[in-house]
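The structure under discussion is supplied below as structure tokens; questions concerning it will follow.
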Amino acid sequence: AQRVTQPEKLLSVFKGAPVELKCNYSYSGSPELFWYVQYSRQRLQLLLRHISRESIKGFTADLNKGETSFHLKKPFAQEEDSAMYYCALTVGGNEKLTFGTGTRLTIIP
Amino acid sequence: GAGVSQTPSNKVTEKGKYVELRCDPISGHTALYWYRQSLGQGPEFLIYFQGTGAADDSGLPNDRFFAVRPEGSVSTLKIQRTERGDSAVYLCASSPAGGKEQYFGPGTRLTVT
């Protein structure tokens with residue numbers, strides 16, 4: 001069965017510093033990878049997906065099939081980036097999401 | 001437009017009781033998903049509807065859990081003989097036909113005492 005691992009439960013970064021949230025997955029085929037974000041008192045929402053190759057709110061993520069990773073990066077952290085971040089995947093055309101345990105990102109002013 | 005809504009927002013029930021959780025998806029969305037999120041964990045898939053039928057119910061933990069979507073819109077998650085381990089936030093999400101993005105509701109926090 002597929003699995004998503006987010007090794008950091010908590011991550012604190014100074015404002016203006018680079019951010020990297022780690023995500024690794026285990027699946028023998030070609031999954032579709034997503035990052036979802038939950039800001040304080042808001043609902044879970046899609047941040048980005050690897051297929052679209054977009055940059056949203058300055059965040060990017062590259063799918064590395066060799067390392068089975070989909071790390072989320074931003075060059076300069078902003079205070080409004082403080083939130084809970086979840087990496088997730090779908091496989092084989094089945095749309096159900098498999099989530100990691102999440103990383104709480106705190107940006108220190 | 002209105003997003004996914006879930007009622008109630010909070011539900012406290014006693015062990016052994018029956019509960020129903022409701023989800024109103026975004027109008028026109030054909031796919032509807034239920035997830036459960038326990039403290040400190042990511043959301044865990046329960047069941048997925050495409051229209052009125054359950055396309056995948058492999059995440060339902062046991063036969064105390066059941067969900068319906070009789071008219072292809074509103075869905076109800078039903079839990080019989082609740083146990084303390086059922087305490088969690090139950091999330092509903094919907095997506096349009098062919099869409100990859102799931103739009104989540106605010107969740108129902110269920111507490112079984």
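Bear in mind that the values here come from a model prediction, so they are computed numbers and not experimental data.
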Under 4.5 Å from any heavy atom of chain B - which part of A/Gln45: neither
Close side-chain approach of A/Leu97 and B/Gln102, heavy atoms under 4.5 Å: yes
Over 12 foreign heavy atoms within 6.0 Å of CD, B/Glu44: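 Incorrect, the count does not exceed 12.
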Minimum-distance pair of heavy atoms, taken over all atoms of A/Tyr86 and B/Gln41: OH-O, 4.0 Å
Connected via hydrophobic side-chain network under 4.5 Å: A/Leu33 and A/Val19: yes
Residue B/Tyr35 versus chain A: region with a heavy atom under 4.5 Å: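 Contact with chain A involves the side chain of B/Tyr35 alone.
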A/Phe76 CZ: over 12 foreign heavy atoms closer than 6.0 Å: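 For A/Phe76, atom CZ is not crowded (no more than 12 foreign heavy atoms under 6.0 Å).
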Any A/Gln42 side-chain heavy atom under 4.5 Å of B/Phe104 side chain: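 SC-SC contact between A/Gln42 and B/Phe104 ruled out.
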Residue selection (most heavy-atom pairs with chain A, distance under 4.5 Å) from B/Ala93, B/Gly107, B/Gly40, B/Pro43: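 Among the listed options, the one with the most contacts to chain A is B/Pro43.
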Distance-only polar pair, side chains of B/Ser58 and A/Lys96, donor-acceptor under 3.5 Å: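 B/Ser58 vs A/Lys96: donor-acceptor pair found between side chains.
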Rounded distance [0.5 Å steps], SG in B/Cys92 versus CZ in A/Arg43: 10.0 Å
Linked, directly or transitively: A/Leu21 and A/Leu48 (ILVMFWY side chains, under 4.5 Å):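 In one cluster with A/Leu21: A/Leu48, yes.
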Within 6.0 Å of OH in A/Tyr39, more than 12 heavy atoms from elsewhere: yes
Single-linkage hydrophobic cluster B/Trp34~B/Val89, side-chain heavy atoms < 4.5 angstrom: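 No, no single cluster joins them.
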More than 12 heavy atoms from other groups under 6.0 Å of CZ on A/Arg3: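 Open.
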Pair A/Phe99 and B/Phe45, ring centroids less than 6.0 Å apart: no
Between A/Tyr36 and B/Glu101: side-chain donor-acceptor atoms closer than 3.5 Å: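 No pair is found: no donor N or O on one side chain lies under 3.5 Å from an acceptor on the other.
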Side chain / backbone / both / neither for A/Glu32 at chain B, heavy atoms under 4.5 Å: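 It is the side chain, since no backbone atom gets that close.
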Atom pair CZ (A/Arg49) and NZ (B/Lys100), whose distance is rounded to the nearest 0.5 Å: 6.5 Å
Winner by heavy-atom pair count (cut-off under 4.5 Å) against chain B, out of A/Val4, A/Thr90, A/Thr98, A/Leu46: A/Leu46
B/Glu71, CD: over 12 other non-hydrogen atoms inside 6.0 angstrom: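 Open.
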Residues, nucleotides or ligands: over 12 heavy atoms within 6.0 Å of B/Phe65 CZ: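 Counting other residues, nucleotides and ligands, CZ of B/Phe65 exceeds 12 neighbours.
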